[in-house]
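Order of the sequence lines sets the chain letters (A, B, ...), proteins ahead of strands, with each chain counted from 1.
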Amino acid sequence: MIEIVNLSKRFIGADDEVHALRNVNITIPNGSIYGIIGMSGAGKSTLVRCINMLERPTEGTVLIDGVDVGALSEKDLRDMRKKVTMIFQSFNLLMQRTCLKNVCFPLELVGIKKSEAKKRAMELLEIVGLLDKANAYPAQLSGGQQQRVAIARALATDPKVLLCDEATSALDPKTTHSILELIQDINRTLGITCIVITHQMSVIERICSRVAILENGSVVEEGEVSDIFSHPKSAAARHLVFPDGDPEVLAIREGEHRIRVVFNGAIATERPLIAQLAKDKGIEASILGANTKSIGEKAYGNMLLGIMGGKEDMIIAKEYLESVEDVIVEEVFEDAQ
Amino acid sequence: MLSNAFTKEAFDEAMFILSTEIPLAVWETVYVTILSTLFAIIIGLPLGVLLVVGEKNGILPLPNVFMRILGGFINLLRSIPFLILMILVFPLTRAIVGTTVGTVASIVPLVIAAFPFIARLVESSLRELDPNIIEAARSMGASPFQIIVKVMIPESIPSLISNATIAITTILGYSAMSGIIGGGGLGKIAITYGYYRYKYLVMVVAVVLLVIIVEIFQRIGTKFAIKSDKRLKNQ
């Protein structure tokens, strides 16, 4: 378990002080994929660097399985970092080393014999699907491939925690998808706790179970991803869920009920849901706002529906839509907007 | 005077001097330059590393006083004209070599003049390195020494080779100047025959040879710098 307790970080500039983090409290269960999301400048990169003490917090503590990492000696801290590894937006591979040598690098640091390190590195490259690129240099690889090498490198020392700092932000949507799948795979098969820093809500909804929303250095909302998607309470959360502006600008009309339909990887492309709702149940729903996209066969995102037929119709519609796997439906009230 | 430089007699005499002295002079110039560069790198490389890692935000912050003294010392040595420096280090040269004249003795002032220059070149090479790569190494638990030896220097090799090439060609120019204090090589030939004895043809040939040697060093250096850089695709 990772506990971040009352964490604050101030950067002292020439004539001003920047509060990068203000009193952050987060608990991350072992074996989970935990998302930390925020706009650029929200302090998320600083927060993740406080977990492995690349940045020293000004106040507060970080406990990893009960150990206060801020109190560790330099040497113990270096040993800790071998168990809490990191991947980056810009991959940060050693450009003058082959992929194989890059993966060997953390093993060299701990003094593992060359032949053994090489064997382990080959296994890891196989896990990330790049065995054939072992002797290529990073510059010869695509961004997605470089990130795979970086992941293999991060796994070399059998970490307990993997910190992903905007790991997919430099990648195209298709590659992002495959890297996220790899991270999910690693989490499931190796039981590694993953902390995913991102500014893209789509990344959070794809793989995270819980999420903290960071704004101006403070956690403004924290909870299960599905909850935050269906009831974004804070302005920051609403902005992330509806990046193109909040669709709920219209006041709820007399006799209208609203529901938000969240597609969390539902196979929605085969069934025209809204049309079927009208056909099967005779309920007409107007789409007030939608932000959905399909990745492969699956739909992600959410949709806001207005139903005029009274509360009964709304409940029928809600139950009807909920019967579809991976679809979450929530009633929306005016005051919750 | 210049018209006399190109008569038949002058030409024959020059050919005689060149054929007897040039091979040795070229050899002396090359080995003095290479040896001086090597010694200067041995001293200058660690100092250049210290200039970068010892900074306040570096990976191995050193006391501010130490960094200022180091920087000041390097600037001081770099600001003394080489001709004066050669004379100033006579006592050191005598202590190390036993004499202040001759080819071997000229290596001492060359090293003293070149190592601060090399320290600054190393500094600039290491500063080019993407700080994210150093952060990545820190995130993997690398110690400062491991970061220097396994990340900073190897990742900067292409730039270090380019800068070493600049250093060696500069030192070659200095070595020619050491002809003044009796250092051997092409510089001595140019000065003793061309300047003291008005044999301009000899001087011109010596200078042309210096130009050719610089060109050769530069080409080899550039070639190795490019070849060593794995960031360039499709090699």
Side-chain angles (χ1 to χ4, degrees), chain A residues 11 45 48-49 51-55 72 74-99 101-111 135-142 149-150 153-157 159 161-166 170, chain B residues 45 49 52-64 122 125-164 221 223-235:
Chain A
F11 290 104
S45 283
V48 77
R49 277 163 179 73
I51 295 174
N52 61 2
M53 293 289 144
L54 285 177
E55 292 281 2
L72 294 174
E74 277 297 316
K75 194 189 167 296
D76 289 342
L77 188 60
R78 288 202 286 270
D79 288 340
M80 180 279 282
R81 284 178 184 154
K82 281 153 194 160
K83 295 294 165 194
V84 181
T85 55
M86 199 166 177
I87 56 172
F88 304 86
Q89 178 172 7
S90 50
F91 326 126
N92 298 352
L93 295 174
L94 297 166
M95 299 308 278
Q96 307 293 350
R97 283 182 174 229
T98 61
C99 295
K101 288 279 172 61
N102 262 288
V103 182
C104 286
F105 179 74
L107 299 167
E108 275 174 36
L109 295 180
V110 286
N135 293 315
Y137 287 93
Q140 295 167 308
L141 304 184
S142 69
V149 175
R153 181 175 71 171
L155 295 179
T157 45
V161 180
L162 179 65
L163 307 173
C164 310
D165 181 21
E166 297 272 14
Chain B
L45 180 68
V49 170
V52 178
V53 300
E55 276 191 326
K56 206 173 83 190
N57 297 319
I59 54 163
L60 191 67
L62 294 169
N64 203 9
V122 169
S125 282
L126 298 184
R127 283 195 201 287
E128 284 168 32
L129 188 61
D130 180 359
N132 288 325
I133 287 184
I134 294 171
E135 185 185 46
R138 285 179 64 213
S139 83
M140 285 181 265
S143 67
F145 183 73
Q146 284 173 323
I147 293 175
I148 294 167
V149 173
K150 287 182 177 288
V151 179
M152 291 175 76
I153 294 176
E155 287 291 302
S156 307
I157 285 288
S159 169
L160 285 169
I161 292 176
S162 290
N163 278 336
K223 200 180 158 204
F224 274 107
I226 292 171
K227 209 179 161 205
S228 72
D229 197 346
K230 308 302 182 199
R231 283 171 299 184
L232 308 168
K233 287 189 185 183
N234 308 320
Q235 289 184 49

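Interface summary for chain B: among A:Val110, A:Ile87, A:Leu163, A:Leu94, the most heavy-atom pairs under 4.5 angstrom belong to A:Leu94. Ranked by heavy-atom pairs shorter than 4.5 Å toward chain B, the options A:Arg153, A:Glu74, A:Met86, A:Met80 are led by A:Arg153.
Heavy atoms closer than 4.5 Å to chain A are found in both the backbone and the side chain of B:Ser143. The contact between A:Arg97 and chain B is made by backbone and side chain atoms together, counting heavy-atom distances below 4.5 Å. If you measure heavy-atom distances from B:Gln146 to chain A, the contacts under 4.5 Å come from the side chain alone. Only the side chain of A:Phe105 comes within contact range of chain B, with heavy atoms under 4.5 Å apart.
Remark: side-chain polar atoms of A:Lys83 are paired, donor with acceptor, to backbone N or O of A:Thr157 under 3.5 angstrom. Between the side chain of A:Asn52 and the main chain of A:Arg81, no donor-acceptor pair closer than 3.5 Å is present. Put simply, the side chain of B:Ser228 gets close to the backbone of B:Ala225: a donor and an acceptor are under 3.5 Å apart.
Counting heavy atoms of neighbouring residues, nucleotides and ligands inside a 6.0 Å radius, atom NZ of A:Lys82 exceeds 12 of them.
Side chain to side chain, A:Ser45 and A:Asp165 meet the donor-acceptor criterion of an N or O pair below 3.5 Å.
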